[in-house]
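Chain A is the first sequence line, chain B the second, and so forth, proteins listed ahead of strands; every chain is numbered from 1. Values reported hereafter were calculated over all heavy atoms of this structure, with side chains retained and with hydrogens, waters and symmetry mates removed. Here the structure is a predicted model, which means the values were calculated and not measured.
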There are 2 protein chains.
Amino acid sequence: MTEPKLGKVTTVGAMALGKDYAAQECSVARALEVVGERWTLLVVRDALYGVRRYNDFLAHLGIPRAVLATRLQTLTAAGVLEKRPCERRPGRHEYVVTERGRALWPTLCVLGTWGMDTFGHDRPTRYFRHAACGTELGPVGECPACGGLVPVEDVEMLPGPGLDPDPVDPVSRELLKPRRLLQPVEIDPV
Amino acid sequence: MTEPKLGKVTTVGAMALGKDYAAQECSVARALEVVGERWTLLVVRDALYGVRRYNDFLAHLGIPRAVLATRLQTLTAAGVLEKRPCERRPGRHEYVVTERGRALWPTLCVLGTWGMDTFGHDRPTRYFRHAACGTELGPVGECPACGGLVPVEDVEMLPGPGLDPDPVDPVSRELLKPRRLLQPVEIDPV
DNA sequence: GACCGCAGGTTCAATGACTGAACCCACAGG
DNA sequence: CCTGTGGGTTCAGTCATTGAACCTGCGGTC
């Protein structure tokens, strides 16, 4: 057969292979359809840290504006974040983590643990501990002392030696202070 | 000010914004640089299920060949998989999960749990239990009865009602049987 | 009321990643 | 020698991401 195999131009599409993992009947695949895109999990991480405003995500993540807008839309549509007017500052918006978003905390924890264990050539960047008892959290965000999953709002976040001690953007500077997760990041409280 | 706003060209970058989350000094970001690309976590999931051969990943995932080749390379380079000649069938290769790859099992577990809890409109697709005691695993892959993290090789996987009971590809058919994680998928054992 | 600046986007061209399909090659068996 | 299979590579088309510029609505100031 010397002639080339001449492709059948069958309008293939039909199935718009978008961002869905076609035909994967698996809860991991379904989860990844929502949080599997580039930047998405980092946005959720920041939201759990207390970041709420568009410009603060922008400053802290260094993400392109268009991508951030898309991700915030997707996450809001998926019920991970909720967009609402800021009551303290009329005219502004804020994106707040919902219960569904809080449920992603163990995922971020365990992924961070893997990243630390695997590539932790340098010092840890942040510590997390159970505010009630001061114990450092286990790999999944559980409290080894109290023996249970710690509610996200009871997690205290402290800077580690791996963090830049004098960052440029105000959000990073705010996140250098010890703080509770979910506690809103306020940049210029007037 | 009629002239365009002429951004400050501060050479900011220096860091070639490739697939790395530039300047994110965070173990989650470092983890995502390895397992955050499209398809990657599903490849790892399949590898933990026991899939080892290029063509089996291809059949089970429905992933484009080129992407699969890239992912297998990346994961091998990152030490998550190991490529080696198949001893049972000379001339073939297999990709085997390393310890580092096994360490991703909790991540997949907790992500699957979130996907199930969040979008679990249909029935679960698979059950996982501790082979030693038969108890169904908790959200992070721990055994509620024995009270500890179950080693991946001691996890038994069973099909759930959400799975297609008569799939086309032989890998999916093999994965319908109850089996241990990591146990190699053998399609045509001759 | 005119002007300003900021928050929160949208638009754009250039580049890079993903897709499906075709092609390729080494090896094993007959 | 011919054929089939495993494990890729190549390619053109499409889609996503990037960085930068542009736009818009609002609240305050003079």
Side-chain angles (χ1 to χ4, degrees), chain A residues 1-22 36-40 42-43 51-59 61-74 76 83-86 88-95 170-171 187-188 190, chain B residues 1-22 36-40 42-43 51-59 61-74 76 83-86 88-95 170-171 187-188 190:
Chain A
M1 205 183 287
T2 45
E3 62 184 345
K5 273 189 209 154
L6 189 44
K8 303 171 53 181
V9 186
T10 42
T11 359
V12 258
M15 190 66 177
L17 243 285
K19 54 191 49 176
D20 55 338
Y21 294 96
E37 286 172 301
R38 193 160 156 69
W39 295 107
T40 305
L42 294 182
V43 171
V51 177
R52 294 183 164 198
R53 299 221 326 275
Y54 181 89
N55 281 327
D56 290 349
F57 285 109
L58 212 55
L61 288 172
I63 181 178
R65 308 178 72 89
V67 177
L68 177 58
T70 312
R71 294 299 181 270
L72 289 174
Q73 263 194 93
T74 309
T76 304
K83 180 180 186 174
R84 62 184 200 199
C86 177
R88 295 176 15 90
R89 296 288 215 96
R92 293 187 179 180
H93 306 135
E94 45 185 27
Y95 293 89
V171 182
I187 291 308
D188 49 359
V190 174
Chain B
M1 203 182 287
T2 47
E3 61 184 347
K5 272 190 212 146
L6 190 43
K8 300 175 54 186
V9 186
T10 39
T11 358
V12 257
M15 193 67 174
L17 246 285
K19 59 188 47 177
D20 56 338
Y21 294 97
E37 285 172 301
R38 195 159 154 68
W39 294 109
T40 304
L42 293 182
V43 171
V51 178
R52 295 184 164 197
R53 299 223 326 276
Y54 181 90
N55 281 328
D56 290 349
F57 284 108
L58 211 56
L61 287 172
I63 181 178
R65 309 178 71 89
V67 177
L68 177 58
T70 311
R71 294 300 180 270
L72 290 174
Q73 264 194 92
T74 308
T76 305
K83 180 181 186 173
R84 64 184 199 200
C86 177
R88 296 178 10 89
R89 295 288 213 98
R92 294 186 179 180
H93 306 134
E94 46 185 26
Y95 294 89
V171 181
I187 291 309
D188 49 359
V190 174

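OP1 or OP2 of dC26(D) has not a single side-chain nitrogen or oxygen of Arg89(A) nearer than 4.0 Å. Using a 4.0 Å cut-off, some side-chain N or O of Trp39(A) falls inside it from OP1 or OP2 of dT18(D).
Rounding to the nearest 0.5 Å gives a distance of 9.0 Å between CG of Leu68(A) and CG of Asn55(A). Note: Arg65(B) CZ to Leu58(B) CG = 5.0 Å, rounded to the nearest 0.5 Å. Atom-to-atom distance recorded for Ile187(B):CD1 and Arg52(B):CZ is 13.0 Å, nearest 0.5 angstrom.
Residues meeting the side-chain contact (heavy atoms from CB on, under 4.5 Å) test with Arg92(A), sequence neighbours left out: Arg53(A), Cys86(A), Arg89(A), Asp188(A). Scanning for salt bridge (Lys or Arg N to Asp or Glu O under 4.0 Å) contacts around Arg84(A) gives Glu94(A), with sequence neighbours left out.
Taking atom CD1 on Ile187(A) and atom P on dC6(C), their separation rounds to 15 Å, with Å as the unit. Regarding Leu68(A), its CG atom lies at a distance of 13 Å from the P atom of dG19(D), rounded to whole Å. Atom CZ in Arg38(A) sits roughly 14 Å away from atom C1' in dC18(C) (whole-Å rounding). The interatomic distance linking Ile63(A) (CD1) with dG9(C) (C1') rounds to 14 Å, in whole Å. Rounded to whole angstrom, the span from the CD atom of Glu37(A) across to the P atom of dA17(C) amounts to 16 Å.
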Treating primed atoms plus P, OP1 and OP2 as sugar-phosphate and everything else as base, which nucleotides of nucleotides 5-12 of chain D get B, S or - for protein heavy atoms under 4.0 Å? -SBBBB--

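Although no hydrogens or angles enter the test, the distance criterion places a donor-acceptor pair under 3.5 Å between the side chain of Thr76(A) and the main chain of Leu72(A).
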